[in-house]
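Everything on this sheet refers to the single structure shown next.
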Amino acid sequence: MIISGTFDYLERNSGSRIRSFPHIEGNYALHVYIPVFIPSERKKELIQFLKKATSLVQGLHVVDIDVPLHMLLKDEEKMVQAALGREFHISLGRTVPIRVHQIDSVVAMLRQKLQFQKRYLIDFNKWEVFVNDDKTRTFLSIENTTGLAEITKQIQAVNEVYKLHNLPEFYKVRVHRDYRFISCQCNVCKRRDPRPHISIAWAVGDISQSLKRVVEGEMKRHINVGGLSMRSMFTCKFSNIVCKVGNKTYNICGSQGQ
């Protein structure tokens, strides 16, 4: 959230972002996710790369509030607040439309299936670029690897609730021998393995090649500084799962807050 008066100008181009589904009266957007907050002590390093990417690649916007990042280059404090000072999401299911009569049932089943969740660490260590399925949007994201097994189980639980309500699955999960094979069906990743991440910025169209060149250069530097393996950008603890329906949020499990 941006404090009133932070920006003199807020550009919102309603034609620049395309909805994944058309708005229909009586439908509400459903989104199930893990809230993530970036620790204050890690924001300075992250913002340096974001400034670099913004200066080299045109058209990047802050996710959710849609502020053009180039407007914030001259004021680092505002850039940190706008781009990194909010709640981020690791999605556990597609954002899909549901009818009002489905809301109570979806929330109740999610709470039943996800009521017993252990705390675990989520480690983010890699900048990554994703393009949605129809190539209308490119996302600059930070990917996580630690906590993957726990997130996979949570995605599977959400999938089961979605299927019972005839909603499209996010990842198709099936067990084969001693490992779990996951086929991603989301509109961003379109990959055959889980790629949990938080999205920091977005741009219109497919600019993945130019953005990837910037990311690859940063990741090489990241590895060189950290040694042979990629060092952590930041780590957070899993605390809760949230279900958002329209403008209303439901805590599914765990404790709310940072």
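When hydrophobic clusters are built by joining Ile, Leu, Val, Met, Phe, Trp and Tyr residues whose side-chain heavy atoms come closer than 4.5 Å, directly or via intermediates, Ile90 is not grouped with Leu121.
Partners of Glu128 according to the salt bridge (charged side-chain N to carboxylate O under 4.0 Å, His left out) rule, which considers only residues two or more places apart in sequence or in another chain, are Lys126, Arg195. Residues meeting the salt bridge (charged side-chain N to carboxylate O under 4.0 Å, His left out) test with Lys43, sequence neighbours left out: none. Judged as a salt bridge (charged side-chain N to carboxylate O under 4.0 Å, His left out), and not counting sequence neighbours, the contacts of Glu76 are Lys51. Annotation: salt bridge (charged side-chain N to carboxylate O under 4.0 Å, His left out) contacts of Lys244 (sequence neighbours excluded): none. Residues meeting the side chain to side chain contact (heavy atoms under 4.5 Å, CB included) test with Lys135, sequence neighbours left out: Val131, Asp206. By the side-chain hydrogen bond (donor to acceptor under 3.5 Å, both in side chains) test, Thr54 is found to be paired with no residue, residues two or more places apart in sequence or in another chain being considered.
For the atom pair CG (Leu46) and CE (Met233), the distance works out to 6.5 Å, reported to the nearest 0.5 Å. Atom-to-atom distance recorded for Lys163:NZ and Glu169:CD is 5.0 Å, nearest 0.5 angstrom. To the nearest 0.5 angstrom, Ile241 atom CD1 is 5.5 Å from Ile34 atom CD1.
Proximity of a side-chain donor or acceptor of Gln115 to a complementary backbone N or O of Gln112 within less than 3.5 Å is detected.
A cation-pi geometry, defined here as NZ or CZ lying under 6.0 Å from the six-membered ring centre and within 45° of its normal, holds between Arg86 and Phe88.
You'll find the side chain of Thr235 reaches within 4.5 Å of the side chain of Asp123, heavy atoms only. Between Lys78 and Met71 the shortest side-chain heavy-atom distance does not fall below 4.5 Å. Within the 4.5 Å cutoff, side-chain heavy atoms of Tyr162 are placed close to those of Val96. Taking 4.5 Å as the limit, every side-chain heavy atom of Glu87 sits out of range of all side-chain heavy atoms of Val36. With contacts defined as side-chain heavy-atom distances shorter than 4.5 Å, the pair Cys253/Arg111 does not qualify. Taking the side chain as every heavy atom from C-beta outward, Ile198 and Phe124 approach each other to under 4.5 Å. Using a 4.5 Å heavy-atom threshold, the side chains of Ile98 and Asn27 count as separate. Under the 4.5 Å side-chain criterion, counting only non-hydrogen atoms from C-beta, Trp127 is in contact with Leu140.
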Inset, instruction - Might you work through the side chain to side chain contact (heavy atoms under 4.5 Å, CB included) test for Val242 and Ile252, ending with a clear yes or no? - result: CA-CA 5 Å; Val242 170; Ile252 299 303; 6.0 Å; no
Legend entry - Test side-chain hydrogen bond (donor to acceptor under 3.5 Å, both in side chains) applied to Asn125 and Ser232, step by step: CA-CA 4 Å; Asn125 62 2; Ser232 173; over 6 Å; no
Legend entry - Audit row: Thr136, Val204, side chain to side chain contact (heavy atoms under 4.5 Å, CB included) steps and yes/no: CA-CA 6 Å; Thr136 58; Val204 176; over 6 Å; no
Legend entry - Derivation and outcome, side chain to side chain contact (heavy atoms under 4.5 Å, CB included), residues Thr95 and Leu30: CA-CA 5 Å; Thr95 299; Leu30 166 70; over 6 Å; no
Legend entry - Stepwise side chain to side chain contact (heavy atoms under 4.5 Å, CB included) check, Glu150 with Lys118: CA-CA 9 Å; Glu150 291 85 354; Lys118 295 180 179 179; over 6 Å; no
Inset, instruction - Could you check Asn240 against Asn251 for side-chain hydrogen bond (donor to acceptor under 3.5 Å, both in side chains), going step by step and ending with a plain yes or no? - result: CA-CA 7 Å; Asn240 66 315; Asn251 196 55; 2.8 Å; yes
Legend entry - Candidate pair Ser199 and Ser141, rule side-chain hydrogen bond (donor to acceptor under 3.5 Å, both in side chains), full reasoning: CA-CA 4 Å; Ser199 291; Ser141 307; 3.1 Å; yes
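Under a 4.0 Å N-O distance rule, the pair Lys113/Glu160 qualifies as a salt bridge.
Ring centroid separation for the pair Phe238 and Tyr120 comes in under the 6.0 Å cut-off.
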